[in-house]
Amino acid sequence: MLHVHSYAAGRWVAPGSGARTIQSAITGEIIADAGNDTLDVQAMIAYGRDVGGPTLRAMTFHDRARMLKTLALHLRDHRQTLYDLSFNSGGTQSDHLIDVDGGIGTMLVYASKGRRELPDNQVFLDGDLDQLGRTGTFMGHHICTPLQGVAVHINAFNFPVWGMLEKLAPTLLGGMPAIIKPATATCYVTEACVRIMLQSGILPDGALQLVSGGIGDMLDHLDCMDVVTFTGSANTALKLRGNTNLLQNSVRFTAEQDSLNASVLGPDALPGTPEFDLFIKEVQHEMITKAGQKCTAVRRILVPQAASEATIDALRDRLANVTLGDTRDKNTQMGALVSNAQKFDVLDKAALIGSEATRVFGDPESHAMSDSKGAFLPPMLYHCADPDNAQHVHDTEAFGPVSTIMPYRDLAHACTLLNKGKGSLVASVITRDGDVAREIVKQSAAFHGRLYFNNRDSMAEATGHGAPLPHMVHGGPGRAGGGEELGGVRAVMHYMQRTAIQGGPDIISAIGGKWTPGASVQADKPHPFTRTFQEVQVGDTLHTDAREITLDDIEKFAHFTGDLFYGHMDEDAAKANPFFPGRVAHGYLILSFAAGLFVQPDPGPVLANTGLDNLRFMKPVQPGDSIKVQLTVKAKTPRNDDYGEVRWHVDVHNQDDDKVAEYELLTMNAF
Ligand code: NAP
């Protein structure tokens, strides 16, 4: 028997009074207990806020991203322990891969995004600078800094590892400590994962705590700097989001709830097409993965009226081949539900659906594991012939291997049925017709957190209807909880406060660690190309000499490159153009000559030019004009231990000091 501990204020706490027992999904035997109603939840909050928070906030985004990468690789080395424990939760080895490897993969994506998309700084600059005064001495920017509290993550039973890591990664990357409260039914897997992370010594003290069992009155002690995220059923979410203390203190509350996700067979994807076969495969996969205990599983199967019978037959055939059994058996394709309580809940909900639909596959009384004491159910497929006059098929989530086929008359009808879920995490559409996809987006996208389109052209690389990806937002409106998770660095912002900063360019530059046009520069140092990544500083500037541009330069450039555009070559035609006073220099000539003015040619720390951003040509350059360049270090981003990216602000002016071009140049510089 496992005694599942909590980790509170720096020490492990064993189950005590009020502990609950946990059953094996496969055998029904009691395998663990968890919970202790004397857990000092206030001390946990204080430990996170006072010990974990300050250390995390002192680190930069890149420090935290490196920490996440080390942590994820450490978990990967120890994942067998997690697989071994997970069999008791009813999942198969491929279910564990989704949970364990999916969670570790998500953490690795955040580690990578943190270093590529966030600065090596404590402050994140959100969006672009806005000039608020006429001459550029007063401007505005939005910044994000970490909330100075704790993030309390209350998770569902079905993904004890992924459910924790997909929230933990953006939380830590954002600089907040976390208190994890997994669902009791599978908390023994989460506890093992937390032990692996804590014993690694990679995380600072106070960054991660764990509540196994009940959370007590923790929510009553949170304040405006804390965050609560909830994943679970709509009923529990309703109870928790109404907590008076959370409401009084405007504590951020994100809910990821249940959802009546649908998959639509496009009108073009009839039997006989590769799309029809793909549809059947994806729906079957969604029904049996995690025995249907997936928040994104397909609950409603919408098919053209004419394809209804063929869909029932094809799904019946595929489901008949699914091996239901003990999850340690390699041939098992579908395991058990998490507990017998969950199984009975699913049967109750299936009975409601059955009052409006006919069961066309799967008998809960008679299947391969009928004699087992475990929580086994077969896949159960229903057919609702009149979905317009049905209610339960659209609003009752049987959180198990239960789905309902419903016919639609035309695309508008399909969208009406889709939207009857009143907000879902994901809807998939199997179609090769761009007009079908566009129409569904117009009529239904607002009802769904994610729309997944697939067909023969994309299926080899498609990631699956039910897989939330770290890159894409996960969450949905209405019934799905109204929350949002993942979506790349968007998720990190849930743990930070966005603040509007107004001030002069020097102040804005100092806050963001990024040079702002109009801010002071240092122009009296050696050529910046001669200084290493560490030596060169934000604000370092080079003013070049001027170079005259002649008609001969333009001619030579035109014939050398083959760019004989009339604006450069034909005086009359150029004059007739509203933008040109006559023949003008090529924009690329200006860029090339600008490089010729600012480049320091000797071998040195600048390794390569890796690109230009935000290029604008503001004023034409005519033969006889001269240009000069101001090159300023705008930002620095380390890329690895050997080199980093330097972003240079480049202004090109003419002899009258009018700006003719502006851009950002990117170079890789050696350390
Ligand atoms: P649940 O019964 O609502 O429980 C969810 C979590 O809330 C568990 O950790 C539970 O802890 C906790 N909880 C329950 N009552 C609480 C209270 N009064 N105070 C504090 N915490 C409380 O849901 P579940 O059965 O674990 O999960 C299944 C549901 O989750 C399904 O409906 C599924 O659709 C949904 N789900 C949604 C997503 C998503 O991303 N949208 C993902 C996965 C699952 P105990 O276990 O200790 O009671």
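The chain is numbered in sequence order, starting from 1. Note that ligands are numbered from 1 as they come in the structure, with each ligand's atoms numbered from 1 the same way. Since this is a predicted model, take the numbers as computed values, not measurements.
In this structure, the ring of His494 has its center no less than 6.0 angstrom from the ring center of Phe253. Under the 6.0 Å cut-off for aromatic ring centres, Phe87 and His96 qualify, their centroids lying closer than that. Phe399 and Phe157 have their aromatic ring centers within a separation under 6.0 angstrom.
For atom 12 (C) of ligand 1, the closest non-hydrogen atom of the protein is Ile154 CG2, 3.7 Å. The nearest protein atom to atom 23 (O) of ligand 1, hydrogens excluded, is given as Ser233 N, 3.4 Å; this is a heavy-atom distance. Protein heavy atom at the shortest distance from atom 36 (N) of ligand 1 is Cys295 CB, 3.6 Å.
Considering backbone and side-chain N/O of Asn158, none are found under 3.5 Å from N/O of ligand 1. Residue contacts with ligand 1: Ser259 is placed with no nitrogen or oxygen under 3.5 Å of a nitrogen or oxygen of the ligand (distance criterion only). Below 3.5 Å of separation, one finds an N or O of Gln257 facing an N or O of ligand 1.
Ligand 1 has Pro182 within reach: a non-hydrogen atom of the residue lies less than 4.0 Å from it. Heavy atoms of Phe159 come nearer than 4.0 angstrom to ligand 1 in no pair at all. Heavy-atom distances between Gln342 and ligand 1 stay at or above 4.0 Å for every pair. Within the structure, ligand 1 lacks Lys294 among the residues with a heavy atom less than 4.0 angstrom away.
The atoms of ligand 1 that sit less than 4.0 Å from any heavy atom of Ile215 are 20 (C). Every atom of ligand 1 with a heavy atom of Lys181 under 4.0 Å away is listed here by number and element: 9 (O), 11 (O), 45 (P), 47 (O).
Remark: among candidates Ala297, Ala237, Ala156, Gly232, the nearest residue to atom 35 (C) of ligand 1 is Gly232, based on non-hydrogen atoms. Of the candidates Thr236, Val211, Val152, Ile180, the one placing a heavy atom closest to atom 22 (C) of ligand 1 is Thr236.
Side-chain polar atoms of Lys167 and Asn155 form a donor-acceptor pair below 3.5 angstrom.
Using a 4.5 Å cut-off on side-chain heavy atoms (C-beta onward), His465 and Val298 make contact.
Looking only at distances, no side-chain donor or acceptor of Asn249 sits under 3.5 Å from a matching main-chain atom of Cys224.
For the pair Lys181 and Phe230, the cation-pi test (distance below 6.0 Å, angle within 45°) is failed.
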